[in-house]
Number of protein chains: 2
Amino acid sequence: MSNDENIYRQILKAIVEHQLPPGARLPEDRLSEAFGVSRTGIRKVLQRLALEHFVVIEKNKGAQVNHPSKAEALEVLDSRILIEPQLIPAVLSHWNSAQSQHFRTMAIEEKRAEESNQLADSIQLTARFHYELATLSGNKVLASFIEQLCYRSSLILAAYGTRGSVGCDCGEHSELLDLLDQGNADKAQNWMSHHLKHIKSSLILESKSEEHIDFQQLFSR
Amino acid sequence: MSNDENIYRQILKAIVEHQLPPGARLPEDRLSEAFGVSRTGIRKVLQRLALEHFVVIEKNKGAQVNHPSKAEALEVLDSRILIEPQLIPAVLSHWNSAQSQHFRTMAIEEKRAEESNQLADSIQLTARFHYELATLSGNKVLASFIEQLCYRSSLILAAYGTRGSVGCDCGEHSELLDLLDQGNADKAQNWMSHHLKHIKSSLILESKSEEHIDFQQLFSR
DNA sequence: TCTCTATAAATTGTATACGATATTTTAGTA
DNA sequence: TACTAAAATATCGTATACAATTTATAGAGA
């Protein structure tokens with residue numbers, strides 16, 4: 001793996017695992033010092049992260065971890081709701097016992113991580129489950145888009161998630177695997193749809209002081 | 001618009017309008033000279049274009065216009081087939097006579113450009129029609145993904161399109177507008193699906209010497 | 001004439017330099 | 001003390017420099 005790619009992944013990991021919270025600043029000097037490369041290399045990965053919406057770069061102000069707007073949060077989830085269930089038929093056409101076994105293992109690890117409050121692992125595994133499932137559809141273009149949306153979802157949960165529930169309370173991923181093992185496309189599709197809608201509806205999007213605080217109104221009597 | 005953005009759009013335009021054909025090399029010096037900025041700025045936009053799959057950067061070899069593989073071509077079209085028809089209901093919910101008028105105008109310009117063999121304009125307008133329609137769905141995340149897929153489709157047509165047919169022979173975009181004006185979601189959805197499948201099936205993906213030539217087999221008797 | 005090799009040219013990768021902009025600190029004044 | 005202004009500091013944007021690598025060229029030998 002190239003050095004750039006390595007740096008990219010480390011920073012992305014820190015963001016999606018909530019080590020770098022939304023709004024955290026990412027000064028180029030500090031990062032270049034930390035990774036032992038010049039600012040040139042750091043700028044490259046920051047620009048990539050910006051294109052992928054993980055950080056926001058403001059001219060002459062540098063990069064900070066993106067704090068997704070409510071609208072963005074909903075759009076990301078809606079996108080997944082639109083796409084992921086539709087991938088199920090293609091996934092089923094590649095489904096076999098080896099695949100099943102692989103995903104079972106992942107689901108178990110995931111559950112274990114969640115139960116033992118291993119936040120970082122839990123987040124990673126949840127995203128990977130959805131991403132690898134999308135990969136099984138055979139369409140790499142869509143799969144990598146879904147991958148991005150999964151990671152963005154992790155960031156969204158950092159901003160709007162209910163504390164503790166990283167993934168979903170609505171049952172386990174293993175339920176989906178049961179349906180896939182049965183070859184039941186319709187039910188699997190429905191399950192996926194409900195699953196994502198449940199995550200969406202679990203977001204706390206109320207007040208949360210979106211960007212602008214109206215002091216005029218706040219202090220009027 | 002920032003200067004970077006300006007350079008980015010100019011190069012992207014040249015690629016999707018087939019002025020820079022698949023495989024064309026993009027040396028940093030020439031570009032920096034042409035745009036009157038240092039290589040630093042050029043590298044930035046080349047890296048962006050690479051992330052978006054419009055160019056391919058090979059270590060120590062620089063950038064060249066991407067020559068999409070057959071698999072990539074099919075995956076891009078399949079992605080559009082999966083998503084774009086699904087957006088119709090949301091589009092319809094925002095549909096009104098002003099929108100209709102706007103798209104009618106675009107469709108007419110598009111037809112005119114195609115009839116008078118204005119390749120570049122024709123390509124741009126075709127992509128814009130689909131992109132702006134996606135935007136009307138209200139989901140910016142999906143819309144910008146569709147935008148990218150539309151531009152990638154232009155590049156794919158440069159590589160695998162039948163000469164002349166930039167967009168679609170299967171009727172006009174105005175047909176879709178009729179269905180939208182009627183508020184017929186099902187038919188509009190079907191139309192979109194058929195439209196994209198038609199474009200997909202019009203690609204010439206035969207022999208075309210994909211990457212590796214097997215001389216062993218070629219000269220065996 | 002062809003092929004191989006050595007040299008030269010072109011091109012990219014990365015670091016550094018320096019001016020521009022933003023942020024913080026400090027000093028001064030009401 | 002509170003507020004403003006100015007200086008100092010931090011940080012970014014862009015150009016340039018130089019080493020590393022690839023590509024093109026030229027010449028020698030078969």
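Note that the structure is predicted; figures quoted are calculated from it, not measured. Sequence lines set the chain letters: A, B, ... in the order given, protein chains first and strands last, and positions in each chain run from 1. Below, all heavy atoms of this structure are taken into account, side chains as well, without hydrogens, waters or symmetry copies.
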**Fill in**
Reading nucleotides 10-15 of chain C from 5' to 3' and marking B where a protein heavy atom lies under 4.0 Å of the base, S where only the sugar-phosphate is that close, and - otherwise, the string is -SBBBB
**Message:** Taking B:E75 first and then A:K140, would you say they form a salt bridge - that is, a charged N and a carboxylate O separated by under 4.0 Å?
**Reply:**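 Looking at B:E75 and A:K140, the cut-off is not met.
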**Item:** salt_bridge(A:R128, A:E110) N-O dist < 4.0 Å
**Value:**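 A:E110 and A:R128: not salt-bridged.
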**Request:** Check step by step if side-chain contact (heavy atoms from CB on, under 4.5 Å) holds for A:N66 and A:I15.
**Result:** CA-CA 9 Å; A:N66 182 25; A:I15 293 175; over 6 Å; no
**Prompt:** What is the minimum heavy-atom distance between B:Q99 and B:H94, and which atoms define it?
**Reply:**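 What the structure gives for the nearest pair is CG-O, 3.8 Å.
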**Message:** Would you say B:H102 and B:E132 are linked by a side-chain donor-acceptor pair, where the criterion is simply a distance under 3.5 Å?
**Reply:**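 Judged by distance alone, the side chains do pair up.
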